[in-house]
Amino acid sequence: MKTLKWIGAFVAGIIGGSIFMLLLHNVSGLIFPEAAMSKFPEDPELIKAFMDSLGVGPKLAVVFSHWGGAMVGSALSMMIAPTKKIWPGVVIGGWFLIGGIANASMIPMPLWMMVLDLLGYIPVAYLAAHWMQRINESS
């Protein structure tokens with residue numbers, strides 16, 4: 001039974017965090033219609049021009065969407081994992097960091113955006129895991 005909880009913790013963290021990230025991407029597309037995912041070009045040569053045309057707001061919304069996914073994924077894994085330690089949530093942050101590195105290698109973005117994006121995954125996952133640990137301890 002404990003093995004199923006571990007598997008469930010990581011699956012829920014990855015899937016739940018990914019769904020939340022996509023929801024935030026869609027919400028940011030409503031706030032910044034020029035950056036909606038439906039307008040994202042498929043041609044690799046047009047992607048750079050598209051990214052260059054976006055302002056700071058849409059770029060920060062993308063970063064916050066990524067961090068939000070890592071945060072929710074971390075919290076979900078901590079809710080299910082059969083341990084009181086924070087490492088399952090941090091591992092989910094690492095998973096999202098790997099996805100962020102892959103994303104940054106495929107989509108051209110300004111250096112400041114890439115650095116900010118990649119530096120945030122582990123800290124937000126850690127904070128979410130720590131928060132969930134404190135909630136679990138007080139229950």
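Just so you know, these numbers use all the heavy atoms, side chains as well, and skip hydrogens, waters and symmetry mates. Throughout, numbering of the chain's residues begins at 1 and tracks the sequence. This one's a predicted model, so the numbers in the text were calculated from it and none came from an experiment.
Under a hydrophobic clustering in which Ile, Leu, Val, Met, Phe, Trp and Tyr are joined whenever their side-chain heavy atoms come within less than 4.5 Å, directly or via other members, Leu76 and Ile15 fall into different clusters. Ile122 and Ile101 fall within a single hydrophobic cluster, where Ile, Leu, Val, Met, Phe, Trp and Tyr are joined by side-chain heavy atoms under 4.5 Å apart, directly or via other members. Leu30 and Phe20 are not part of a single hydrophobic cluster, where members link through side-chain heavy atoms under 4.5 Å apart. When hydrophobic clusters are built by joining Ile, Leu, Val, Met, Phe, Trp and Tyr residues whose side-chain heavy atoms come closer than 4.5 Å, directly or via intermediates, Phe96 is not grouped with Ile98. By the criterion of side-chain heavy atoms lying less than 4.5 angstrom apart, applied directly or through intervening Ile, Leu, Val, Met, Phe, Trp or Tyr residues, Met71 is not grouped with Leu23; the two fall into different hydrophobic clusters.
In this structure a side-chain-to-backbone donor-acceptor pair under 3.5 Å is missing from Ser74 to Ala70.
Glu34 and Pro58 get closest at one heavy-atom pair: OE2-CG, 3.5 Å. The two residues Gly120 and Trp67 have their closest heavy-atom pair at CA-NE1, 3.3 Å. The shortest heavy-atom contact between Pro82 and Lys2 is CG-CG, 3.8 Å. For Gln133 against Lys84, the heavy-atom pair with the smallest separation is NE2-O, 2.8 Å. Among all heavy-atom pairs drawn from Gly93 and Tyr121, the shortest one is O-CB, 3.8 Å. Taking each heavy atom of Leu54 and Ala35 in turn, the nearest pair found is CD2-CB, 3.8 Å.
The line from CG of Leu127 to CH2 of Trp131 is 11.0 Å long, rounded to the nearest 0.5 Å. Rounded to the nearest 0.5 angstrom, Phe32 CZ and Lys59 NZ are separated by 12.0 Å. Note that CD1 of Ile47 and CE of Met106 are 9.5 Å apart. Values are rounded to the nearest 0.5 Å. Within the model, atoms CG of Asp117 and CG of Leu60 stand 10.5 Å from one another, a figure rounded to the nearest 0.5 Å. Distance CD1/Ile107 to CZ/Phe40: 4.0 Å, rounded to 0.5 Å. Distance NE2/His66 to CG/Leu116: 11.5 Å, rounded to 0.5 Å.
A heavy-atom distance below 4.5 Å is not found between the side chains of Leu24 and Met21. Side chains of Ser77 and Val91 form no contact here, defined as non-hydrogen atoms less than 4.5 Å apart. You'll find the side chain of Met109 reaches within 4.5 Å of the side chain of Asn103, heavy atoms only.
For Glu45, the CD atom sits in a loose shell: 12 or fewer heavy atoms of surrounding residues, nucleotides or ligands are nearer than 6.0 Å. Atom CE of Met114 is surrounded by more than 12 heavy atoms from other residues, nucleotides or ligands within 6.0 Å.
Classification of the Phe10-Trp87 ring pair by plane angle, with boundaries at 30° and 60°, yields tilted.
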